[in-house]
Amino acid sequence: MARCYLTTTVVHGGPPDLGYALEVVRADVLARHHRLRGDRVRFLTGGSPEYARLRESLALTSTDFLEVGEDARHLAGVERLRAACGDGSWERQVERVRDLIRAGKLRVEPAGRREEVLVGEVSEVELDSTAAYITSLGYGVDGPNHRRWWTDGDRRVHVIGPDQLVSHALGWPAVLVAAGLPLPTDVLVREAVEEREVVAPDDLARRYGPDAVRWWLLCDPPATTEFAASRIVARANADLAKGLGDLVDQITVMVHRYRDGKPPEVVEPVEDAEALYVACREAPERVRDALGGFEFGQATGAVWRIVDEARAFALRSRAWDLARAERGGDVEAGRRLDAVLAVLLSACRVLARELTPFVPTLATRIAQQCITLTGVLAPQQDLVRRF
């Protein structure tokens, strides 16, 4: 069981924007994914109280929030760090950090950003913000979390914006080297977001729901926020509501209608369902590999492959025709109907699990609708907001 510590930029001023939302959502996806794999996870965000509110509106699972200037752990840790690295001694470590990046001992992703770091120049490091990643763990007050999550942790993944690239991927590691502390294992740099209009992620999430905002940010990272609201609505309707929500509704409605809500069981492989079996079986590994390379679009695509295959199988199997034949006395059609419904319901359960890192609220609703401990599925509910 690995220990993974995830951090995002600790922001000093200004309201949260869509760039920051993209940053924290990606970190949250990684945190939820590692938890699903059984890893221990600590997840830090920070800033003003405005930023703290995103935990609820974007369904974040951050375990710690640091408000710079208000946290006693931080003040003590900064003083200790200054003493440990010495005045100006970090500057002598910058070239060493470049060597570590070249050697792959400090991973900067995506690869194009790595070259920017290697040729970048850093004149100063703002310890009041960067030091938060270790002071929040009790560095400076001898708290046990510093050793547990930083010194002895397996992964230290730092998710930042492009404007923090050189200071956080070159200057901050140089400070750590000077102080004799381990480096982050990974620095993930999100895309830049050009804001042509003021878009508050908190407002968007309240209006359209956290899942719609998260799915849009993960599948279609915004290069510009012009017409952002309409793009989010389109994504929510087309992908989540019409694609996924309608599929799960169709399957559970058929179980209620044809089997009184009692999920049938199947003991043998079902003809024509091989592609769906493969999609369900391969999804966990494909998601793991994609997120291991910080490829969020590939990860969501691996899960959506199940949706596509389930829809295709549902059309091929024509459960409604099987139900009609069963009512006419065709016993074999009834057996086939049981098998078809069992396969489709099993696919929905896989979706509920694999969607959890990306759209956690929707994943929970799918699980509630498709998994039962009583032998009968729960009544229908609205899975996705529709606009």
#### Entry: Side-chain ion pair, D202 and R207, N-O less than 4.0 Å
no
### Task
Verify, without hydrogens or angle tests, whether T9 (side chain) and V11 (backbone) share a donor-acceptor contact under 3.5 angstrom.
no
### Task
Using a strict cut-off of less than 4.0 Å between a Lys/Arg side-chain nitrogen and an Asp/Glu carboxylate oxygen, indicate whether R206 and D203 qualify as a salt bridge.
yes
### Main-chain N/O of R156 paired with T185 side-chain donor or acceptor, under 3.5 Å
yes
#### Entry: Shared hydrophobic cluster, L118 / V125 (ILVMFWY, side-chain heavy atoms < 4.5 Å)
yes
### Message
For T135, run the side chain to side chain contact (heavy atoms under 4.5 Å, CB included) check against V141, L66, L75, L81 and tell me which one passes.
### Response
L66
### Task
Take atom CD of E271 as the centre, draw a 6.0 Å sphere, and report whether it contains more than 12 heavy atoms from other residues, nucleotides or ligands.
no
#### Entry: A299 to L291 - nearest heavy-atom pair and separation
CB-CD2, 3.7 Å
#### Entry: Side-chain heavy atoms of V177 within contact of W90, under 4.5 Å
no
### Message
Nearest 0.5 Å, please: how far is CD1 in I134 from CG in N145?
### Response
13.0 Å
### Query
Mind checking whether D260 and V376 have side chains closer than 4.5 Å, heavy atoms only?
no
### Task
Please determine if R26 and E191 form a salt bridge, counting it only when a charged side-chain N lies under 4.0 Å from a carboxylate O.
yes
### Residue pair S48 / E67, side-chain donor-acceptor N/O under 3.5 Å
no
### Task
Check whether any side-chain heavy atom of V253 sits under 4.5 Å from a side-chain heavy atom of Q380, and report yes or no.
yes
### Message
Does any part of the side chain of R349, heavy atoms only, come nearer than 4.5 Å to the side chain of P263, both counted from C-beta?
### Response
yes
### Task
Determine whether more than 12 heavy atoms belonging to other residues, nucleotides or ligands lie under 6.0 Å from atom CD of E274.
yes
### Message
Quick check: closest heavy atoms across D272 and R336, and the distance to 0.1 Å?
### Response
OD2-NH2, 4.4 Å
### Task
Tell me whether I371 is reachable from L355 by hopping between hydrophobic residues (I, L, V, M, F, W, Y) whose side-chain heavy atoms are closer than 4.5 Å.
no
#### Entry: Close side-chain approach of L58 to D28, heavy-atom, < 4.5 Å
no
### Query
Any side-chain heavy atom of T364 sitting closer than 4.5 Å to one from Q368?
yes
### Query
To the nearest 0.5 Å, how far apart are NZ in K262 and NE2 in H256?
12.5 Å
### Task
Anything under 30° is parallel, anything over 60° is perpendicular, the rest tilted; go ahead and classify Y139 against H146.
tilted
### Query
Is it the case that one hydrophobic cluster holds both V270 and V350, taking links as side-chain heavy atoms less than 4.5 Å apart, direct or via other members?
yes
### Task
Could you pull out the closest heavy-atom pair between E265 and A342, with the gap in Å?
C-CB, 4.2 Å
### Query
Would R335 and D338 satisfy salt bridge (Lys or Arg N to Asp or Glu O under 4.0 Å), going step by step from the backbone distance to the final call?
CA-CA 5 Å; R335 293 194 187 99; D338 279 342; over 6 Å; no
### Query
Do R214 and P360 come within less than 4.5 Å of each other through their side chains, counting heavy atoms only?
yes
### Task
Check the pair R98 / E121 against salt bridge (Lys or Arg N to Asp or Glu O under 4.0 Å), numbers first and verdict last.
CA-CA 11 Å; R98 288 195 179 98; E121 294 294 336; 3.5 Å; yes
### Task
From the options T8, L30, T7, select the one residue that forms a side chain to side chain contact (heavy atoms under 4.5 Å, CB included) with F43.
T8
### Message
Does R102, at its CZ atom, have more than 12 non-hydrogen atoms belonging to other residues, nucleotides or ligands within less than 6.0 Å?
### Response
yes
#### Entry: L106 and its side chain to side chain contact (heavy atoms under 4.5 Å, CB included) partner, picked from I101, D186, L176
I101
### Query
Do the ring planes of W149 and Y5 sit parallel (below 30°), tilted (30 to 60°) or perpendicular (above 60°)?
tilted
### Task
Answer yes or no: is there a side-chain heavy-atom contact under 4.5 Å between T130 and Q164?
no
### Query
Can you tell me how far the SG atom of C4 sits from the CG atom of D154, to the nearest 0.5 Å?
8.5 Å
### Query
Is the side chain of Q298 donor-acceptor paired with the backbone N or O of A290 at a distance under 3.5 Å, no angle test?
no
### Message
Between R114 and E116, does any NZ, NE, NH1 or NH2 come within less than 4.0 Å of an OD or OE carboxylate oxygen?
### Response
no
### Same apolar cluster (I L V M F W Y, side chains within < 4.5 Å links), L322/W320
yes
### Message
With a 4.5 Å cut-off on side-chain heavy-atom distances among I, L, V, M, F, W and Y, is there a chain of contacts connecting V122 to L165?
### Response
yes
### Message
Within a 6.0 Å radius of atom CD on E282, are there more than 12 heavy atoms belonging to other residues, nucleotides or ligands?
### Response
yes
### Task
Show the numbers, then the answer: is there a side-chain contact (heavy atoms from CB on, under 4.5 Å) between V278 and R305?
CA-CA 10 Å; V278 171; R305 180 183 171 204; 3.4 Å; yes
### Task
Report yes or no: does Y51 contribute a side-chain atom to a donor-acceptor pair with the main-chain N or O of P15 at less than 3.5 Å?
yes
## Note on the structure
On a heavy-atom basis, the closest approach of L341 and P264 is CB-CG, 3.8 Å
### Query
R35 and T61: side-chain donor and acceptor closer than 3.5 Å?
yes
### Message
Tell me whether the count of non-hydrogen atoms from other residues, nucleotides or ligands lying under 6.0 Å of CZ in R96 goes above 12.
### Response
no
### Message
Just verifying a value: how many Å separate D99 CG and K105 NZ, rounded to the nearest 0.5 Å?
### Response
10.0 Å
### Query
Do side-chain atoms of R113 reach the backbone of V189 as a donor and acceptor pair under 3.5 angstrom?
no
### Message
With side-chain hydrogen bond (donor to acceptor under 3.5 Å, both in side chains) as the criterion, how do E126 and S167 come out once you've worked through the C-alpha distance, each side chain's angles and the decisive distance to 0.1 Å?
### Response
CA-CA 8 Å; E126 182 53 67; S167 62; over 6 Å; no
### Query
Looking at F313 and A273, what are the two nearest heavy atoms and their distance?
CE1-CB, 3.7 Å
#### Entry: Shortest non-hydrogen contact from W304 toward L240
CH2-N, 4.3 Å
### Query
How far apart are the C-alpha atoms of D249 and Q369, what are their side-chain angles, what is the distance that settles it, and do they pass the side-chain hydrogen bond (donor to acceptor under 3.5 Å, both in side chains) test?
CA-CA 9 Å; D249 284 342; Q369 196 153 307; 3.3 Å; yes
### Task
Step through the shown structure and confirm whether more than 12 heavy atoms of other residues, nucleotides or ligands are within 6.0 Å of CD on Q381.
yes
### Message
Would D142 and R147 count as a salt bridge (Lys or Arg N to Asp or Glu O under 4.0 Å) here? Give the steps.
### Response
CA-CA 9 Å; D142 296 321; R147 176 170 294 278; over 6 Å; no
### Task
Give, for atom CD1 of I160 and atom CG of L188, the distance between the pair rounded to the nearest 0.5 Å.
8.5 Å
### Query
So how far is it from E326 CD to D330 CG, rounded to the nearest 0.5 Å?
8.5 Å
### Query
Do L18 and L204 pass the side-chain contact (heavy atoms from CB on, under 4.5 Å) test, and can you show the C-alpha distance, the side-chain angles, and the key distance before you say yes or no?
CA-CA 10 Å; L18 277 180; L204 288 175; 4.0 Å; yes
### Query
Does CZ in R3 sit with more than 12 non-hydrogen atoms of other residues, nucleotides or ligands closer than 6.0 Å?
yes
